[in-house]
There are 2 protein chains.
Amino acid sequence: MSNLARKRPTIHDVAEAAGVSRGTVSRVLNGKSNVSLSAETAVRRAVAETGYVVNRAARSLVTSRTGSIVMVLSEPQERLFEDPNFSVLMRVATNQLADLDMSLVLMIAGDDGGRERVARYLRGGHADGALLVSTHAGDPLLEEIERAGVPAVACGAVLGRESVIPYAAADDRGGARAMTEYLVQQGRKKIGMITGPLDTPGGSLRLEGFTSVLGRKAGKQMIVHGDYTQAGGEAAMERLLATVPDLDAVFVASDLMAAGALQALHAAGRRVPEDVAVGGFDDSAIASATRPALTTVRQPLAQVAEETVRLLIALLDEREADPVVLPTDLVVRGSA
Amino acid sequence: MSNLARKRPTIHDVAEAAGVSRGTVSRVLNGKSNVSLSAETAVRRAVAETGYVVNRAARSLVTSRTGSIVMVLSEPQERLFEDPNFSVLMRVATNQLADLDMSLVLMIAGDDGGRERVARYLRGGHADGALLVSTHAGDPLLEEIERAGVPAVACGAVLGRESVIPYAAADDRGGARAMTEYLVQQGRKKIGMITGPLDTPGGSLRLEGFTSVLGRKAGKQMIVHGDYTQAGGEAAMERLLATVPDLDAVFVASDLMAAGALQALHAAGRRVPEDVAVGGFDDSAIASATRPALTTVRQPLAQVAEETVRLLIALLDEREADPVVLPTDLVVRGSA
DNA sequence: ATGAAAGCGCTAACAG
DNA sequence: CTGTTAGCGCTTTCAT
């Protein structure tokens, strides 16, 4: 086993083994058409024999493509954690990119330091593209990305940049509308809402869906804002109960916040769903763990993720990349 | 704004602007000692002026270091999702590595295809090191990693390779012991356990902690095995109840499984904690969302993550990298 | 269809 | 302390 110290084979070794020139090996490796069948088979055999793997650095140096794309997470840590979107996206992205021999570099831009690092990375040309996750409207990073001239797509719309940054997303507005209509159908008369931060699509679009159904019945006092955390949902519910003690339903913009709302309702002695119906959003793991289990809106996460990556790849190939919005499903459980 | 088409500056441009040679610029950039102060300041100014950022590919080509490390996730998708460990580790790792101008590449090795991709990646020399997350004993990937000769560390011990692969981990055995002792102190007499898969440290070590306290009272029929999912926890609890209907406490090796156990107990008409006390492990988000909230064991995740990365960096620098085990905390809530 | 050769931007060894 | 120079492994003209 003296192969420990053996250097990794280069394209030169392959060329020698195959009895052709380095140029020809390169052509085979890159799928160029003008290669004879005999040369191609010889090269392929030589590659297998030598165990050759291309040196990416060398390739990058001449092609000035890095073969990697950055996934930028703009989420404060706590939420990231809970976001089902994220892990699905990650899995789908690594898999799809791997098929193209590209890799996924992860960066977290939750604070200024993080943003600066991402900006430097992008300016340094270290990635061929960027995949934005849960980027808020007006995030300063957006400018940096544009300045760096790196192709970018988003998973979930970036509010205010919908026409600039292609995105794939679940139909937040439609999902919220479906949930609200369902609550109305159940005979609920006084329906409140706990929203997410309004600079995220899940914050503002779900609210839009809600108000579009209820019209002027969705008065200002019926709406409180949360921060997507469980504690935030609990606090928001308490505020809502204080202002509108007689409400009989609440639509909460995320399951995690809904879990918090459930706790607040319980503490206030309200029964769910008898006194107050609770509707969530996401259909995340926690939805089936609460008591009662949450009636919620399921997003087609895997599909959204796939579409997002597809868009980025299209962009890299300079093809069209039009936004994609995918339908949601209402999942009825015990809470409404 | 005609700077759109301007090429990125190279070390050559910087050298010219600073009035020194490329060699000197390189020396400054790499912190070599033998550079005059005047040369250094000139170079630094030139770097700032030109907006120079090093071309990693070129650097890699000559140093044969890639500046990136792979984080390998060997977890089937469902769990990944729920694993609090993971997101903390990711954040800590990206941050710490960024300080060293290194980046984190993510790969998922949940199935054969994924493993093969990781192996190829490593064999290709695309990463300077590997950070293993929740790798199971006997994972075929382990051999590949050794063959590729890539320095690797694990977050959580890799069973059977404790002496080969440095790791940082929470004290699973100690945490389990603490929880078991607590249940005993509460006067519980008939304590069951739902374990995780025994080829993971969380599976076997927590079980060891449990049996080390209970001795022969931890009979075979008191122990059932789960798979870290909520549904698995529920099923395991049902099995346990069928075999040992009179048990008055159960220690569940993860909060998610404990949430499932809670459902099974509820369905069986058992009150928690009056009839049956339930202890979890992890102190993940779900622990405070269940009803009653879970009494559980908190792991110092951030610290574990930091130590893991520190170990990897030590390994890259060819320094000592001894395993680190960090203490856990018992968190008492409503379920026990 | 293929070989030869010119770099891509950088580091490191060498000479001074 | 600093400039010069030889590649690192690959792609891509340019000839042939």
Side-chain angles (χ1 to χ4, degrees), chain A residues 5-47 50-68 101-102 121 123-128, chain B residues 6-44 46-47 50-68 101-102 121 123-128:
Chain A
R6 187 143 68 220
K7 288 187 51 179
R8 295 201 3 238
T10 73
I11 201 172
H12 182 85
D13 303 317
V14 177
E16 202 158 72
V20 299
S21 74
R22 286 160 27 235
T24 300
V25 175
S26 175
R27 281 184 274 266
V28 171
L29 258 32
N30 294 289
K32 303 285 200 240
S33 50
N34 43 350
V35 182
S36 71
L37 191 62
S38 62
E40 169 156 4
T41 44
V43 168
R44 296 221 179 281
R45 246 219 3 243
V47 165
T50 55
Y52 170 78
V53 186
V54 56
N55 179 323
R56 278 202 194 192
R59 175 181 282 174
S60 284
L61 189 53
V62 36
T63 60
S64 64
R65 272 194 149 220
T66 63
S68 66
D101 249 306
M102 300 187 75
Y121 196 77
R123 264 188 272 123
H126 297 330
D128 297 338
Chain B
R6 187 143 68 218
K7 288 188 50 181
R8 294 200 5 237
T10 74
I11 203 172
H12 182 84
D13 303 316
V14 176
E16 202 158 72
V20 298
S21 73
R22 278 148 49 222
T24 301
V25 175
S26 175
R27 281 184 276 265
V28 172
L29 258 32
N30 293 290
K32 303 285 200 240
S33 50
N34 43 351
V35 183
S36 72
L37 191 63
S38 63
E40 169 157 4
T41 45
V43 169
R44 296 220 178 282
V47 166
T50 54
Y52 170 79
V53 186
V54 56
N55 180 325
R56 279 202 195 193
R59 175 181 283 174
S60 283
L61 189 52
V62 37
T63 59
S64 64
R65 270 198 150 214
T66 64
S68 65
D101 249 308
M102 300 188 75
Y121 195 79
R123 265 188 271 123
H126 297 330
D128 297 337

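Naming convention: chains lettered A, B, ... in sequence-line order (proteins, then strands); numbering from 1 in each chain.
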Tyr121(B) side, atom OH; Arg56(A) side, atom CZ - distance, nearest 0.5 Å: 5.0 Å
Residues forming a salt bridge (Lys or Arg N to Asp or Glu O under 4.0 Å) with Arg45(A), sequence neighbours excluded: Glu49(A)
Where Thr66(B) and Ser60(B) come nearest, the two heavy atoms and their spacing: CA-OG, 3.5 Å
Spacing of CZ belonging to Arg65(B) relative to CZ belonging to Arg59(B), to within rounding of 0.5 Å: 11.0 Å
Heteroatom pairs (N/O) under 3.5 angstrom, protein to nucleotides 4-9 of chain C:
residue: dG9(C); atom: N2; partner: Ala58(B); partner atom: O; Å: 3.3

Axial bend angle, the helix from dA1(C)-dT16(D) to dG16(C)-dC1(D): five-pair end segments, nearest 10°: 40°
Separation of Glu16(B) CD from Thr50(B) OG1 (nearest 0.5 Å): 11.0 Å
Anything under 3.5 Å between a donor and an acceptor, one on a side chain of residues 19-27 of chain B, the other on a protein residue two or more places apart or in another chain? List them.
residue: Ser21(B); atom: OG; partner: Gly23(B); partner atom: N; Å: 3.4
residue: Ser21(B); atom: OG; partner: Thr24(B); partner atom: N; Å: 3.3
residue: Ser21(B); atom: OG; partner: Thr24(B); partner atom: OG1; Å: 3.4
residue: Ser26(B); atom: OG; partner: Asn30(B); partner atom: ND2; Å: 3.3

Protein-nucleotide distance (Asn34(B), atom CG; dG16(C), atom P), rounded to Å: 18 Å
Gap between atom CZ of Arg8(B) and atom OG of Ser64(A) - 0.5 Å precision: 9.0 Å
For Arg44(A), all residues meeting side-chain contact (heavy atoms from CB on, under 4.5 Å), sequence neighbours excluded: Val28(A), Glu40(A)
Asn55(A) side, atom CG; Leu61(A) side, atom CG - distance, nearest 0.5 Å: 9.5 Å
Interface limits on DNA chain D, where chain B has a heavy atom under 4.0 Å of a nucleotide atom: dC1(D) to dG9(D)
Contact under 4.0 Å: Thr24(A) side-chain N or O vs dA1(C) OP1/OP2: no
Leu29(A) or Ser36(B), whichever maps to the more 5' nucleotide of DNA chain D: Ser36(B)
Which atom of Ile11(A) lies closest to which atom of Tyr52(A), heavy atoms considered: N-CE1, 3.4 Å
